[in-house]
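Only a predicted model underlies this, so the values are computations on that prediction, with no experimental measurement involved. The residues of the chain are indexed from 1 along the displayed sequence.
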Amino acid sequence: MEEEKVKCDGCTGKDPKLEEILNTYIQDKSNLIQILNEVQEYYGYIPEKAQVEISKYLNIPMAEIYGVITFYSRFTLKPKGKYHIAICLGTACYVKGSEKILDRVKDRLKIEVGETTKDGKYSLEATRCIGACGLAPVFTVNGEVYGKATVKMIDEVLDKLEE
């Protein structure tokens, strides 16, 4: 017997897109990760108001949702900048100098890992491996991979983004 989908009519108040996302899924907690993926895709992060509505819709505690969000590094509770910079600190990248690249970005943007600049333009993340070890060291900007990276290269990319 197939479970019937119950509509989220007006459950989110003012955000029809969130309502649309929820209505795509049956009210079963096994759909939590897929819903969180779509919510993050839409907002760029997972805001508290969305967590509250997901909790109501799936009838699961907020603590469980928070636990899933914080367990998986893919999810974030804070908005990312227009330009999301991720520096790989996996073994191959680290050995080839990625820490110097990370230090340069932190110094230049005046933010720490996990932060976003006050103007919302840049956010910074340190990753463990992006699967491009042959190009080490690597960093990404909005998912675009820059391999065989140097401090000079990150400066050039940041200069270009400033234009």
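- Heavy-atom minimum distance, Leu89 versus Ala126: CD1-CB, 3.6 Å.
- Note that CD of Glu156 and OG1 of Thr150 are 6.5 Å apart. Values are rounded to the nearest 0.5 Å.
- The local environment of CD in Glu162 is crowded, with over 12 non-hydrogen atoms from other residues, nucleotides or ligands closer than 6.0 Å.
- For the atom pair Thr117 OG1 and Glu115 CD, the distance stands at 10.0 Å (nearest 0.5 Å).
- Taking the salt bridge (charged side-chain N to carboxylate O under 4.0 Å, His left out) definition, one finds that Lys29 meets it with Glu64, sequence neighbours left out.
- Considering all non-hydrogen atoms of both residues, Lys49 and Asp15 come closest at NZ-OD2, 4.0 Å.
- Between Glu163 and Lys160, no side-chain nitrogen of the basic residue sits less than 4.0 Å from a carboxylate oxygen of the acidic one, so the salt-bridge criterion is not met.
- Around OH of Tyr43, the count of heavy atoms belonging to other residues, nucleotides or ligands within 6.0 Å exceeds 12.
- For the atom pair Leu124 CG and Lys110 NZ, the distance stands at 13.5 Å (nearest 0.5 Å).
- Here the closest heavy-atom approach between residue Lys80 and residue Thr116 is recorded as CA-OG1, 4.2 Å.
- A donor-acceptor pair under 3.5 Å is absent between the side-chain atoms of Ser98 and the main chain of Pro137, judged by distance alone.
- Separating the CD atom in Glu38 from the CD1 atom in Ile46 is a distance of 11.5 Å, to the nearest 0.5 Å.
- In this structure, Gln51 and Ile69 have side chains that are in contact, with non-hydrogen atoms separated by less than 4.5 Å.
- Atom OG1 of residue Thr24 and atom CD of residue Glu19 lie 11.0 Å apart, to the nearest 0.5 angstrom.
- Taking the side chain as every heavy atom from C-beta outward, Val157 and Val141 approach each other to under 4.5 Å.
- Put simply, the side chain of Lys82 does not reach to within 4.5 Å of the side chain of Asn142, judged on heavy atoms.
- Counting only heavy atoms from C-beta outward, the side chains of Leu158 and Ile85 approach each other to under 4.5 Å.
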Could you walk me through whether Arg108 and Asp159 satisfy the salt bridge (charged side-chain N to carboxylate O under 4.0 Å, His left out) test, starting with their C-alpha distance in whole Å, then the side-chain angles of each, then the deciding distance to 0.1 Å, before giving a yes or no? CA-CA 11 Å; Arg108 185 160 165 177; Asp159 289 345; 2.5 Å; yes
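- By the side-chain hydrogen bond (donor to acceptor under 3.5 Å, both in side chains) test, Tyr45 is found to be paired with no residue, residues two or more places apart in sequence or in another chain being considered.
- With a 4.5 Å cut-off on side-chain heavy atoms, Val105 and Ile154 count as touching.
- The minimum heavy-atom distance between Ile33 and Val68, with the atom names listed, is CG1-CG1, 4.0 Å.
- Between Leu102 and Phe139 there is no side-chain heavy-atom pair separated by less than 4.5 Å.
- With contacts defined as side-chain heavy-atom distances shorter than 4.5 Å, the pair Lys106/Val113 qualifies.
- Both Phe75 and Leu77 belong to a common hydrophobic cluster when Ile, Leu, Val, Met, Phe, Trp and Tyr are linked at side-chain heavy-atom distances under 4.5 angstrom.
- Both Leu161 and Ile111 are assigned to one and the same hydrophobic cluster, defined by single-linkage of ILVMFWY side chains at heavy-atom distances under 4.5 Å.
- The hydrophobic clustering, which links ILVMFWY residues whose side-chain heavy atoms are closer than 4.5 Å, places Leu22 and Met62 apart.
- Screening Ile130, Ile101, Ile87 for a side chain to side chain contact (heavy atoms under 4.5 Å, CB included) involving Val138 leaves a single residue, Ile130.
- If you take CG on Leu36 and CD1 on Ile65, they are separated by 7.0 Å, rounding to the nearest 0.5 Å.
- With a 6.0 Å radius and a threshold of 12 heavy atoms from other residues, nucleotides or ligands, Asp107 has its CG atom above the threshold.
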side-chain contact (heavy atoms from CB on, under 4.5 Å) assessment of Asp155 paired with Arg104: CA-CA 8 Å; Asp155 276 336; Arg104 176 61 181 149; 2.8 Å; yes
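- Under the 4.5 Å side-chain heavy-atom criterion for grouping Ile, Leu, Val, Met, Phe, Trp and Tyr, Tyr66 is connected to Tyr72 within one hydrophobic cluster.
- Across every non-hydrogen atom of Met153 and Gly147, the tightest pair is CE-O, 3.5 Å.
- For Glu99, the side-chain contact (heavy atoms from CB on, under 4.5 Å) partners at least two apart in sequence or on another chain are Tyr94, Asp103.
- Atom NZ of Lys121 has more than 12 heavy atoms from other residues, nucleotides or ligands within 6.0 Å.
- Leu18 is listed as a side-chain neighbour of Glu53, based on a closest heavy-atom distance under 4.5 Å.
- Contact between Tyr57 and Tyr25 at its shortest, heavy atoms only, is OH-O, 2.7 Å.
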